Asker: 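First the structure, which I've put down as structure tokens, then a few questions once you've had a look.
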Amino acid sequence: MSDESAFRCPVCRAAQTLRETCRRCQADLRLVMRAHRRLAYLKHQRTQAQTTGEDDRERSLAAELHWLAPAR
């Protein structure tokens, strides 16, 4: 199960796929979407940095990942 399919609205907790507005309460979820996209981008870049041996870049990306999502 991907992170997107397990998404819950932070306002009303409705289970749904990630989109711009909540299906139930119509909350604006665009910032949440941007954060999810940034996490995916950072994970991809970190994997590339690990593969190419760019240790400093990998640490920098890992630090930003931890800042955005400490539990991941």
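Hydrogens, waters and symmetry mates are skipped; everything else that's a heavy atom, side chains included, is used. Throughout, residue positions are numbered sequentially from 1 according to the sequence presented. None of these values were measured; they are calculated from a predicted model.
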Asker: Under the rule for side chain to side chain donor-acceptor pair (under 3.5 Å), what residues qualify as partners of Arg37, not counting sequence neighbours?
Answerer: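 So Arg37 forms no side chain to side chain donor-acceptor pair (under 3.5 Å) with any residue.
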Asker: Sequence neighbours left out, what passes side chain to side chain donor-acceptor pair (under 3.5 Å) with Arg19? Give chain and number order.
Answerer: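 With neighbours one apart ignored, the set is empty.
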Asker: Are side-chain heavy atoms of Leu29 and Cys22 found at a separation under 4.5 Å?
Answerer: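 A side-chain contact under 4.5 Å exists here.
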Asker: Who pairs with Arg8 by side chain to side chain contact (heavy atoms under 4.5 Å, CB included), at least two apart in sequence or on another chain?
Answerer: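 Scan of Arg8 (side chain to side chain contact (heavy atoms under 4.5 Å, CB included), adjacent residues dropped) gives Arg13, Ala15.
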Asker: Using side chain to side chain donor-acceptor pair (under 3.5 Å) as the criterion, list what pairs up with Thr51, not counting sequence neighbours.
Answerer: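 Partners of Thr51 by the side chain to side chain donor-acceptor pair (under 3.5 Å) criterion come out as none, since no residue qualifies.
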Asker: CG of Leu61 to NE2 of His66: how many Å apart, nearest 0.5 Å?
Answerer: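 It is 14.5 Å, given to the nearest 0.5 Å.
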Asker: Using the salt bridge (charged side-chain N to carboxylate O under 4.0 Å, His left out) criterion, which residues pair with Glu64? Sequence neighbours excluded.
Answerer: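 Result, salt bridge (charged side-chain N to carboxylate O under 4.0 Å, His left out) vs Glu64: Arg38.
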Asker: Give every residue pair that meets the salt bridge (charged side-chain N to carboxylate O under 4.0 Å, His left out) criterion with at least one member in residues 22-32, sequence neighbours excluded.
Answerer: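 For residues 22-32, and leaving out neighbouring residues, the salt bridge (charged side-chain N to carboxylate O under 4.0 Å, His left out) pairs sorted by first residue read Asp28-Arg30.
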Asker: Under a single-linkage definition using a 4.5 Å side-chain heavy-atom cutoff for Ile, Leu, Val, Met, Phe, Trp and Tyr, are Leu65 and Trp67 assigned to the same hydrophobic cluster?
Answerer: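 Yes, because Leu65 and Trp67 connect within a single hydrophobic cluster, where side-chain heavy atoms sit under 4.5 Å apart.
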Asker: What residues form a side chain to side chain contact (heavy atoms under 4.5 Å, CB included) with Glu54, not counting sequence neighbours?
Answerer: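 So Glu54 forms a side chain to side chain contact (heavy atoms under 4.5 Å, CB included) with Ala49, Thr52, Arg57.
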Asker: Excluding sequence neighbours, so at least two apart, what forms side chain to side chain donor-acceptor pair (under 3.5 Å) with Asp56?
Answerer: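 Asp56: side chain to side chain donor-acceptor pair (under 3.5 Å) contacts with Arg59.
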Asker: Nearest 0.5 Å, what's the CG-NE2 distance between Leu18 and His36?
Answerer: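 So the CG of Leu18 and the NE2 of His36 are separated by 5.5 Å.
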Asker: To the nearest 0.5 Å, tell me how far Lys43 NZ sits from Gln45 CD.
Answerer: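 That separation rounds to 14.0 Å.
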Asker: Roughly how far apart are Leu68 CG and Leu39 CG, rounded to 0.5 Å?
Answerer: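 So the gap between those two atoms works out to 5.0 Å.
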Asker: Report yes if the side chains of Asp55 and Glu58 come closer than 4.5 Å at any heavy-atom pair, otherwise no.
Answerer: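 In short, these two side chains touch, coming nearer than 4.5 Å.
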